Chemist: 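For reference, the structure I am asking about is given below.
Count residues from 1 along the sequence. For clarity, every value in this text was computed on a predicted model and none was experimentally measured.
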Amino acid sequence: MTDILDTMAYGPAPEVPDEALAWLAAHGRFGHFCNGAFTTAGPCVACVNPATGSVLAEVSQAGTAEVAAVTAAARAAAPGWAAVSDHARAMALMALARALRKRQRFFALLTALDTGTPIRDAFENDLPGAIRQLTYHAGRAETRESDFPGRVPLGVVGLVLPGDLPLPMLVSHLAPALAAGATVVVKPSEHSPLSALAFAELCAEVKLPPGVVNVITGDDTTGVALAAADLDAIAFAGSAEAGRSLRAALAGSDRALSLSLRSPGLHIVFADADLDAAVEGVVEGVWRRTGPFPPAGARLLVAEAALGCFTEKLVARLGRLRAGDPLDHGSDLGALLHPGRRDRVEAFLAAAVVAGATCVRPEMALPAAGAFCAPALLLGTEPANPCYGAEIPGPVATLTSFRTPAEAVELANSARSGLSATIWSENITLAHDIAAQLVAGVIALNTAPLADAAVPSGGMRESGAARLGGRAGLSSFLRPAPVPACPEPANAPASAGETSPKALDKAVTAARKAAGWAEKSTAARTEALYAVAETLAARAGALADRLAASGHDRAEAAQSVALAFRVAALTDREAGTGSAARAQMLTLTLNAPWGVIGIACPAAQPLLGLVALVLPAIALGNRVVALPATALPLADLTALFHDAGLPAGVVTLLPGPRADLAQALARHDDVAALWYAGNVTGAAEVTRESSGNLKALWCPTERDWSAQSLADTLEAAAQIKTVWIPYGA
């Protein structure tokens, strides 16, 4: 005791995993969970403890037949689960929350054995977060019908999940899906399937109707088979590379796709920051796996004035981390998910050093067995270094210096991803200014990355557009009631004229330069949209004559006028919200514009379709490059927006073949989102063409725009940006 008090060294505090090991031994070989029960195990692969290399269990490798059986069970259960009352679904989620709370220790042990996550993190973060998801979405289920009038469940949803944070990622997707009334087929990672299988058993224990939750195990070939199965939607969480492949594979199908993609976190440390707090927050967010997203490394941007002191403090703090047995409460770092990941991290570090970075790693005794990896800090990583902004599946951060706030923003937004960011500064004005300029889905001020079931979380750009949590999370598992069809003409005429690639680039550049439109107040945008509506009303008679002359319904002009006034009226109501999701922590949930939206307008309703798409887009602060498929003279439409007083670049109309131009906009990296309202074939083409840059995509094909919900269009016109702000002492 005297020695311990002198050194203040950690003593061992191991958990005995007997409960989890007994459960694994009782099952031995796992089949798939289908229709409320486990199937007989087929061909199996070993599930290995990454900390020891020992085999924990064997799980079945699903083929096409097994995938078909599981999706058939979910399909059969879908009508019954959708017809269950909202209250009954809420009670089912509460029952799951109670059951999970009773078995917290078991699931924490299983997580540590299956993934190498330190058990302290499982106890303090994973399990409380999962329980919170279930209880929150029970409340959302109770009020679903009143919160989302006219919306219906998606149907059968496939959940393809990553190996990191398996239980939190499972429940954060599963809870809103069940609350919405969808049935699910879960495909966990082949490296950590045990939490999903144990949770499936929990679903049976609380008597969830058979077929509502199904779990199928296997490797990437199983994922490919699931992507081709009878599903209504797929929610995928994982790497950006896999997300691109999945989007391309689903092109032409009518299945919805939601992508939550890994990307490095971001920390910006200004010279006036509390450096001790910043160091601790960086360690928590990067090396302790306590954030809301699976680890993918991090970028640290540090002001030159604080660079030396911050680096010294951070390196010293890394040296005090303990890597070891995940079952020991004193371990800060456990094992990586599998040895292949450790090898990738080491190869990445070697390549970064060759490219000019300096690798700093604390000396620590790592266990001889298992996929353990010492934390690493790469100093001097400039944007030209290949490691800058790369996804790193391990305990690694890159550090880059900056001189001015403007340079910090430029460096931060230079990456194609935008998942989460933390700003460290004692100057609240500076912190808010930087937060407004960052392209990231979740931003925290002076705190480690946070998450709560009531607050939307998700990324921007190539981090995927999916949102989990809050109203937006539930909305993604619902779909609008069907809109009457309005088929595209067989030979829709292109608008007169041609647009060269150079002219298209010029139009996109002009739209980007009109960024001041997003900075206008909602009051100013409302006035501008009323001016557009009044100008449209003044010319409605002439436009009706032109529509009739080209074979379209004269009534389309009056419908367009009415819709324009309604958009103007709703513009002021599409602001963000604030709430206190946690004690002494405020959250702002903002409807942020995408930026430049490319819009391929419908040919069946040339005026109404253009108004129904372009005006909601600019109402939320976006700038639009639109492709009218119309018999109306393009000059008349351009003059309409000009005479209404819209600033240059806010709306640009391009003539020429819609399909070719839409594909060019899909490939254009400076176009943040694309809406395609043509036919199904054209939608498939733009989906494939946008797989490389993963821009946000909405394809409302061949519908009657007089019946389209304006609320749904306005929802598609914004991406949610969440800001966490400390509040109180």
Side-chain angles (χ1 to χ4, degrees), residues 252 483-501 503-504 507-508 511 536 539 542-557 559-560 563-564 596-618 622-641 651-668 671 673-687 689-690 697-708 713 716:
V483 177
C486 187
E488 288 280 285
N491 296 302
S495 52
E498 291 290 334
T499 297
S500 66
L504 187 144
V508 173
L536 182 61
R539 303 179 187 185
L543 290 170
D545 291 342
R546 290 188 181 277
L547 286 167
S550 59
H552 293 280
D553 189 351
R554 293 180 57 88
E556 198 178 319
Q559 292 171 338
S560 299
L563 180 61
V596 179
I597 298 182
I599 299 180
C601 301
Q605 295 169 310
L607 179 61
L608 179 60
L610 184 145
V611 170
L613 289 164
V614 170
L615 296 195
I618 65 173
N622 299 288
R623 290 86 67 201
V624 167
V625 177
L627 313 174
T630 174
L632 296 174
L634 206 62
D636 288 0
L637 296 174
T638 300
L640 188 154
F641 290 114
V651 176
T652 304
L653 306 179
L654 296 181
R658 181 185 55 175
D660 294 343
L661 290 174
Q663 291 176 39
L665 288 174
R667 293 188 296 267
H668 205 297
V671 176
L674 180 67
W675 294 358
Y676 185 87
N679 56 34
V680 174
T681 302
E685 289 298 326
V686 297
T687 300
E689 294 295 332
S690 65
L697 188 64
W698 184 41
C699 295
T701 56
E702 300 187 303
R703 62 184 59 186
D704 182 354
W705 288 94
S706 66
Q708 166 68 21
T713 308

Chemist: Do Asn622 side-chain atoms and Ala617 backbone N/O form a donor-acceptor pair below 3.5 Å?
Modeler: yes
Chemist: First locate atom CG of Leu654, then atom CG of Leu504, and finally report the distance between them rounded to the nearest 0.5 Å.
Modeler: 5.5 Å
Chemist: Does a salt bridge link Asp636 with Arg546, judged by any charged N lying under 4.0 Å from a carboxylate O?
Modeler: yes
Chemist: Does a side-chain heavy-atom distance below 4.5 Å link Pro606 with Glu556?
Modeler: yes
Chemist: After noting the C-alpha distance and the side-chain angles of Thr681 and Asn679, does the key distance pass the side chain to side chain donor-acceptor pair (under 3.5 Å) rule?
Modeler: CA-CA 6 Å; Thr681 302; Asn679 56 34; 4.5 Å; no
Chemist: Closer than 3.5 angstrom, by distance alone: can the side chain of Glu689 be matched with the main-chain N or O of Gln663 as a donor-acceptor pair?
Modeler: no
Chemist: Within a strict 4.5 Å, meaning less than it, do heavy atoms of the Leu615 and Phe641 side chains meet?
Modeler: yes
Chemist: How many angstroms lie between CG in Leu608 and CG in Leu613, if you round to the nearest 0.5 Å?
Modeler: 9.0 Å
Chemist: Can you measure from CD1 (Ile597) to CZ (Arg623) and round to the nearest 0.5 angstrom?
Modeler: 9.5 Å
Chemist: What are the two closest non-hydrogen atoms of Leu536 and Ser560, and how far apart are they?
Modeler: CD2-O, 3.6 Å
Chemist: Return yes if some donor-acceptor pair links the side-chain N/O of Gln605 with the main-chain N/O of Trp705 below 3.5 Å, else return no.
Modeler: yes
Chemist: Heavy atoms, side chains only, cut-off 4.5 Å: are Ser690 and Leu674 in contact?
Modeler: no
Chemist: At what distance, to the nearest 0.5 angstrom, does CD1 of Ile599 lie from CG of Leu610?
Modeler: 8.0 Å
Chemist: How many angstroms lie between atom CG of Leu607 and atom OG of Ser550, to the nearest 0.5 angstrom?
Modeler: 10.0 Å
Chemist: Report yes if the side chains of Thr652 and Val508 come closer than 4.5 Å at any heavy-atom pair, otherwise no.
Modeler: no
Chemist: If I compare all heavy atoms of Thr701 with all of Ala683, which pair ends up nearest, and what's the gap?
Modeler: CG2-CB, 3.8 Å
Chemist: CG/Leu627 to OG1/Thr499 distance, rounded to the nearest 0.5 angstrom?
Modeler: 8.0 Å
Chemist: What closest approach, in Å, do Arg658 and Gly678 show between heavy atoms, and which atom pair accounts for it?
Modeler: NH1-CA, 3.7 Å
Chemist: Give the minimum heavy-atom separation between Arg554 and Ala548, together with the two atoms involved.
Modeler: CG-CB, 3.5 Å
Chemist: Do Leu543 and Leu640 have side-chain heavy atoms sitting under 4.5 Å apart?
Modeler: yes
Chemist: Specify the closest pair of heavy atoms between Gly598 and Leu665, including all atoms of both residues, with the distance to one decimal.
Modeler: CA-CD1, 4.0 Å
Chemist: Can you find a heavy atom in the side chain of Leu661 that is under 4.5 Å from one in the side chain of Val625?
Modeler: no
Chemist: Can you find a heavy atom in the side chain of Thr713 that is under 4.5 Å from one in the side chain of Trp698?
Modeler: yes
Chemist: Mind listing the closest non-hydrogen atom pair of Pro489 and Ala604 along with its distance?
Modeler: CD-N, 3.8 Å
Chemist: Measure from the side-chain N and O atoms of Glu702 to the backbone N and O of Glu488, and report whether any donor-acceptor pair falls under 3.5 Å.
Modeler: yes
